[in-house]
There are 2 protein chains.
Amino acid sequence: MCMQLNPKYKTIFKEALEISSLKPTKQREHIFSLILNKKDHPTADEIFTRSRETMPSISLATVYNCLETLVESGLIRQVNFERESTRYCPNLKPHAHFHCKKTGAICDVDLPVSIFNSLKKHLPKNFQPEQIDINFNGSIHKTKNH
Amino acid sequence: MCMQLNPKYKTIFKEALEISSLKPTKQREHIFSLILNKKDHPTADEIFTRSRETMPSISLATVYNCLETLVESGLIRQVNFERESTRYCPNLKPHAHFHCKKTGAICDVDLPVSIFNSLKKHLPKNFQPEQIDINFNGSIHKTKNH
DNA sequence: AAGTGTAATTAGAATAATTCTAAATTAATT
DNA sequence: AATTAATTTAGAATTATTCTAATTACACTT
């Protein structure tokens, strides 16, 4: 029983793949919907485990293949922290990531586009950026509620 | 024949290690000076190869160990692009990195501290960043000189 | 100078994430 | 239905890095 994308995302999904002449296969849709429906930052292996719950025949290689095509199509983003496993993120708004060294938690940090523009201004004219990754490393303190 | 650090860096080197009660060994100094003297962004393996030219007995594990202690001591920085080998950077000024997808070139991009401060302002109060990594991915175009 | 203890180095084995390979399956097109 | 190209699959291969256990180096006592 495969996960279903809602109609809006189904269209986005199909069109994004079509642009690169890639096929909207069951496996690709399944993985895309898994990532969309649980907005965390899973690794390929976590996605593999989740996938098998509802699509037991899927292979790890396929998970890697699908993730690659989804990234290529711009439907999801890769996030890397140091040399840890690559993680995948469905948030396509301009944002950064915060990585808590103690707990391993990863949080999206929304940023105004103006920051990205201002970063670009510091590049030499012949540097053409396609992607800007901003990663914070540190710790998240407990807030006191008393 | 080991590489020699100039007196200024020798002091910085010794003091930085001492703070963490680490010893200023031949190997650590050798690797530090190699990275300082050629300001690129070498991988552990490239550093290993360079090291052996003047210190043939050094092992790859030692290179990894030394790099780890140098990073811990704040003498060098790690740079990661996607899942490529970790690279090492002697530039301790606030800066970002630009990674050219075509040629693989990696360039430092100097940034004013104000940008880092402004980034920090977008974090929730209980998020305490220790390190901010900013990576541009894209391409470097040839400039026309005519 | 010899002995002791701790830290660092070393070679090689082990690990783990990812990529590759080649065969089988699926989907789209004639 | 036949053809073609793309995709999926299982398992092997790769590769950067870490681990392990033995050796060596060094600082500090006797």
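Below, read A as the first sequence line, B as the second, and so on, with proteins coming before strands; counting in each chain starts at 1. Everything numeric in this text was worked out from a predicted model, so none of it was measured.
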Given protein heavy atoms under 4.0 Å, the one-letter contact record of nucleotides 18-30 of chain C, with B base, S sugar-phosphate only and - none, is simply BBB-------S--
From CG of B:Leu22 across to P of D:dA27 the rounded distance in Å is 14 Å
Whole-Å distance, A:Glu82 CD to C:dA17 P, equals 16 Å
Value for OG1 (B:Thr62) from NZ (B:Lys26), rounded to nearest 0.5 Å, stands at 10.5 Å
In whole angstroms, the gap separating P of D:dT17 from CZ of B:Phe48 amounts to 13 Å
To the nearest angstrom, the CG-P distance between B:Asn65 and D:dT23 comes to 18 Å
Under 4.0 Å from OP1 or OP2 of D:dA25: is there any side-chain N or O of B:Gln27 that close?
no
Please determine, by modelled atom types, if A:Asp133 and A:Gln131 share a side-chain donor-acceptor pair under 3.5 angstrom.
yes
Would you call B:Glu29-B:Lys14 a salt bridge at under 4.0 Å N-O? no
A:His41 meets the ring-ring contact (aromatic ring centres under 6.0 Å, His included) criterion, sequence neighbours left out, with A:His97
Rounded to whole Å, the CD-P distance (A:Glu18 to D:dT7) equals 13 Å
B:Glu46 atom CD is separated from D:dT17 atom P, nearest whole Å, by 11 Å
So does A:Thr62 get a side-chain nitrogen or oxygen closer than 4.0 Å to the phosphate oxygens (OP1/OP2) of D:dT9?
yes
Rounded to whole Å, the CG-C1' distance (A:Leu70 to D:dT8) equals 15 Å
### Task
Give the intermediate values and the outcome of side chain to side chain contact (heavy atoms under 4.5 Å, CB included) for residues B:Arg83 and A:Gln78.
CA-CA 10 Å; B:Arg83 297 229 91 235; A:Gln78 279 185 325; over 6 Å; no
Practice task
Look at atom NZ of B:Lys101 and say whether more than 12 heavy atoms of other residues, nucleotides or ligands are closer to it than 6.0 Å.
Solution key: yes
Separation of C:dT10 atom P from B:His30 atom NE2, nearest Å, is 11 Å
